[in-house]
Every structure is written in structure tokens, then in C-alpha cells.
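These notes are about the structure you will find just below.
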Amino acid sequence: MGEVQKGLFSVIEKLKGTTEQELRIVLLGLDNAGKTTLLKQLASEDVNTITPTQGFNIKSVTCHGMKLNVWDIGGQRKIRPFWKKYLENTDLLIYVIDSADKKRFEETGLELSELIDEENLKGVPVLIFANKQDLATASPASEIAEGLNLHTYRDREWQIQACSAVSGEGVQDGMNWISNNIVNKKK
Amino acid sequence: MADDSEWVLESIAGYLGSPEWMIPVTDFMENKCSVFDDEDENKLTYTEIHQQYKELVEKLLENYMQEVGINEQQFLEACSSPFAKSKTLQTVFQPVLATDDFQIFRSLMVQKNMELQLQALRVIKERNGALPECLTDGADMMSELEQQEMRILQEVLKRSKEEYDEEVARRLQFEEEIGCTSSGSSADKNGFDSEASASAQSTSSIDNMSSKKTEKQDQLRSAENGEPSSAKTNTVSSDKRSLGKDSGERKTLPAVTAPVKGSEPPATLKEKSGRQTVESYLAEAQREAGISRPFNELSATEQEQLQERARYLRQQRDKLQALKKEQRPKQPPAEEPTAAPAPAPTPTTQEISVEEKKKLQKRKHLAEKLKEEVIKK
């Protein structure tokens with residue numbers, strides 16, 4: 001069955017007949033981290049009418065000639081068990097952290113380390129957005145990186161990027177990292 | 001080799017149009033599509049359903065390839081041939097592509113859901129008679145919003161009709177009050193008939209009277225439909241005009257309760273007719289409860305009970321009013337003396353019709369405005 005499945009998927013790939021390359025990106029993080037705001041910012045949509053995500057959102061963004069399919073899945077505790085259903089065939093994980101929510105740094109660190117251990121995300125590059133830098137109480141990205149022990153990640157590429165999804169500041173820098181490190185390597 | 005792949009491709013395309021493929025896939029979509037709306041956000045269940053769909057399609061294709069004796073290599077080559085890139089084939093392959101592309105899958109399911117909704121609409125139409133023009137014209141283009149507006153419009157019309165019926169009943173009650181003498185007649189169980197005969201100073205027996213009346217009622221019942229100036233017919237026809245509905249649509253409007261009931265008056269309902277004042281109701285309620293003290297000397301609960309009873313009696317009376325109203329135009333000229341002590345009935349009726357006309361005019365305008373808005377969208 002596994003063999004056949006693989007075969008069928010490659011067939012379907014051909015059927016699509018698209019010469020354009022596609023990347024599957026999964027956008028995760030705790031509730032209220034700003035995932036949907038970031039997604040809408042990436043798609044240049046209005047970020048003022050966002051409500052807590054109960055399911056998931058998908059947007060396709062073109063970045064340096066590559067189509068990025070970004071999946072933003074709700075971060076509420078009751079939805080987190082569903083995350084792993086969305087990890088298959090993922091090319092990149094974007095993990096969003098509310099830099100001003102110090103009380104939940106430990107919780108968010110635990111969730112991230114669980115994801116890193118997922119079989120489907122083995123070796124998958126991680127981009128961490130230290131979001132909400134527009135808030136006065138936000139911790140700097142370097143501090144968060146330390147708290148998350150990012151320097152111990154040896155099996156994959158990673159990057160932490162300070163940003164404000166609301167204003168869009170820093171978001172493009174993160175996307176540039178993606179295009180330099182993943183898009184160009186895939187081509 | 002090229003011929004080979006062409007054959008394989010045609011065979012696959014043929015399979016995707018065959019019942020072996022169409023039935024299970026369509027069944028699946030029809031069963032699962034109801035949760036798919038066109039909201040921006042996706043529900044978690046979509047993923048689950050998509051997974052089930054993948055499994056179904058894979059099983060179907062696998063079986064097919066085994067049956068026909070195509071191996072994957074052939075399948076692959078066929079699909080990468082230039083023929084596979086044609087527009088028609090791309091459409092045929094859409095349900096296959098949907099296994100790998102959630103967005104395609106989602107749009108197929110949303111589309112299926114909308115199709116089923118439209119089908120349901122058609123069924124409703126067949127059951128309740130034709131829908132108004134604005135619903136039938138290009139029904140496939142109807143958005144959910146428009147459908148909703150149509151429902152609102154129908155509700156508005158229904159309400160206004162109910163209000164109108166209430167108003168008519170109230171008017172008749174008022175008229176009746178004027179027509180009656182002020183003394184209480186709660187004990188008068190023979191109500192309508194004896195009263196009528198008394199005021200008419202008729203020498204004929206009560207029995208004789210009622211049989212005459214029944215005859216007239218029968219006659220008038222048959223004549224009723226043809227009477228264009230009656231308030232009832234006016235309402236219906238104005239609704240009809242303003243909406244452009246055909247006769248079938250009238251069925252969906254609530255039945256005109258008072259006149260319909262009145263056309264078949266049960267003999268028992270005739271029993272209680274008479275005075276309308278609250279006092280008389282209370283008196284009647286009091287009497288029925290066997291309480292002899294004056295109302296304001298009673299305990300709060302007793303008062304409440306009495307008031308409730310009075311309310312009930314009033315409701316019963318209102319029903320009777322509606323019934324009577326129906327009977328009134330049927331009264332033979334010989335009975336006209338009944339109304340003699342009261343103001344002449346003819347001017348009253350005219351007054352009503354003038355005011356009603358105004359009202360109907362207003363209602364018509366409203367309906368037209370609503371209709372316009374619905375159609376413009």
C-alpha cells in the first residue's frame with residue numbers, strides 16, 4: 001500500500017502539470033501568539049478583524065518565484081493535539097511566540113520541543129518569530145532564544161527573528177531567511 | 001510507447017466518467033459536504049474528511065489499475081504525455097487532484113453543498129407550489145443572502161397579514177359594542193339568535209330563524225369567492241400583485257383564519273355572543289367561579305384568577321366576533337332591523353374599506369420596495 005501511495009502521489013504531482021515549485025509551511029504556536037495575524041500580514045490582508053482560530057487557515061504566498069502554501073492552525077490547548085495531523089510533507093515550520101507573555105514561555109518551549117521531536121518534522125528547518133516586539137514588555141529575541149535552548153539544535157537549520165505581525169516589522173526579514181536558506185536550496 | 005500512453009490515458013479518463021468511479025465518489029461527497037461552508041477559516045473536520053477521501057480515491061484507482069492491468073509506470077507515462085495537459089482532461093482529473101490538494105478538495109465540497117441546497121430549494125418549490133418570480137429566475141445564481149432576504153420578505157408579508165386580520169377583528173368587536181345595548185347578557189346562553197329575533201321583533205320562531213340563516217349562509221359561502229370588494233379578497237390580490245406570485249404561492253401564506261372559520265360556523269360557537277366590556281367578562285368569570293363579592297374585595301390570587309378567566313373569555317369572544325363578522329354580510333335584508341338601533345351598518349363598512357385601502361396601499365409599497373431590493377442584488 002505504501003508503495004502504491006507513493007506512486008499515486010507522484011502521478012498526481014505530474015497531473016497538476018505545474019512547473020512552479022511549491023513549499024508547504026506550517027505555522028504553529030500557542031493561542032494568542034499572533035499566527036493568524038502573521039499569516040494575513042504575509043498575504044497583505046487586513047489584520048484588524050482577527051478572532052481566535054477554531055480550525056485552520058491556508059494562504060498561498062509567492063516568494064522569490066516559489067509558491068508557499070502556509071497552514072496556520074489554531075493554538076488553543078484543545079486544538080494542539082490536532083497539530084500532528086498537519087505535519088506530513090512539511091518543508092518548513094514557523095513557530096510564533098508572544099514575546100510579552102513571559103508567564104507562558106515555559107509552556108511554549110515545551111510545545112516547541114515536542115514538535116521538534118515529531119517524526120514528520122525530522123530535519124525540517126525552523127523559523128521562530130519572536131512576535132509582539134511593538135509591546136513595551138516584550139523580551140528581546142536573544143533572550144527567548146536562550147530560554148528555548150535553540151543553540152542545542154544540531155539536526156536542522158533554525159533562525160529566530162524579532163517581529164511585530166501587526167505592523168509587519170521584521171516579517172520580511174524572516175521571509176528573506178526562508179528564501180535564502182530553503183527556497184534556494186530546493187531549487 | 002506514445003500510442004500506449006494515449007490508450008492508457010483514455011482508459012483512465014473513461015474510468016473517471018464511469019459509474020464505478022462516479023457513484024462512490026459522488027456518494028462520499030454528498031454525504032460529507034454538509035459541514036463545508038464558504039467561511040474563510042477551515043474546520044478541523046475538513047482535514048479528517050479529506051483524509052477519508054484520499055483513502056477512497058487511492059483504493060478506487062488501485063483496484064482499477066489492477067483490473068485493467070496498467071502498472072504505475074504506464075500510468076505515470078500516460079499522465080506526463082502532452083494529452084494529459086489538455087483542458088478537458090484537467091477537469092476530468094479534478095477529483096483525483098483533490099486528493100493531494102486540500103484547496104481543490106475544499107472547493108469541490110463547498111460546491112457540492114451548494115448544489116444540494118439548491119436542490120432542496122427546488123423540492124420545496126415543488127411541494128409548496130411555484131416560488132415567486134424572483135426566486136425562480138436564475139435560481140442557480142441565488143446567493144444565500146438573497147434566499148435569506150426572500151424568507152424575511154415572506155415573513156413580513158405573513159405578519160402584516162396577521163396584523164390586518166387582527167385589526168379587522170378588533171374593528172368588528174368595536175362595531176359590535178356599539179351595536180349592543182350596554183346591559184350585561186352573560187347569562188344569556190341563547191345569545192345571538194334570541195337577541196337577533198328580539199331586536200328584529202320578529203314573530204317567527206327561533207328555530208325558523210336559524211334555519212333561514214343557515215340557508216343564507218350556504219348561499220353566501222358559495223358567493224364569497226366571487227365577491228371582489230370583500231376585505232379578504234382585497235388583501236390576497238394585493239399581495240399577489242405586488243409580489244408577482246402565482247396562485248400556488250398563496251398556499252404558503254397563512255390561512256385567513258377568521259373568514260374561513262366563519263364560513264363553516266359550528267352551532268356551539270353561536271351560543272355566547274354579546275357584551276364586550278371588561279366588566280362583563282369579569283362578572284361572567286366571577287359568576288362562573290361562584291364568587292359573589294365585588295371584584296376589588298377579593299384576594300390577589302383570586303383577582304388574578306378572575307382576570308385570567310376574563311382574558312380567556314375575551315379571547316373566546318374575539319373568535320366569535322370574527323365569526324359574526326363573516327355572517328354579517330350574509331344577513332338577509334329581512335333581518336336588517338337587527339342593526340336598527342345601532343348606527344347604520346353601511347357607512348361603517350365603507351369607512352373600513354377606505355382605511356383598509358390606505359393600509360393595503362402602504363403594505364403594497366413595502367412589498368414592492370422589498371422585492372425591488374431583492375431583485376436588484
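To find a chain, count down the sequence lines: A is the first, B the second, and so on, and within it residues start at 1.
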Q. Do you know the tightest heavy-atom contact between B/Leu60 and B/Trp21?
A.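 Answer, listing the atom of B/Leu60 first, then B/Trp21: CD1-CE3, 3.8 Å.
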
**Q.** Which of B/Thr45, B/Thr47, B/Leu44 touches chain A most, by non-hydrogen pairs under 4.5 Å
**A.** B/Leu44

Q.
I'd like to check the side chain to side chain contact (heavy atoms under 4.5 Å, CB included) partners of A/Gln161; sequence neighbours left out, ordered by chain and number.
A.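 For A/Gln161 the side chain to side chain contact (heavy atoms under 4.5 Å, CB included) partners, ignoring immediate neighbours, are A/Leu127, A/Phe129, A/Gln159, A/Asp173.
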
Q) Quick one: what part of B/Gln51 sits under 4.5 Å from any heavy atom of chain A, side chain, backbone, both or neither? A)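 Answer is neither: B/Gln51 stays 4.5 Å or more from chain A.
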
Q. Between the side chains of A/Ser167 and A/Asp134, is a donor N or O closer than 3.5 angstrom to an acceptor N or O?
A. no

SB check [X] [Y] (cutoff 4.0 Å):
X: A/Asp98; Y: A/Lys103; answer: no
X: A/Arg80; Y: A/Glu107; answer: yes
X: B/Arg159; Y: B/Glu162; answer: no

Q.
Heavy atom to heavy atom, less than 4.5 Å: which residues from residues 40-59 of chain A reach chain B?
A.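 From residues 40-59 of chain A, the residues near chain B are A/Lys40, A/Pro52, A/Thr53, A/Gln54, A/Gly55, A/Phe56, A/Asn57, A/Ile58, A/Lys59.
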
Q) OG1/A/Thr62 to CD/A/Glu22 distance, rounded to the nearest 0.5 angstrom? A)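 That separation rounds to 9.5 Å.
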
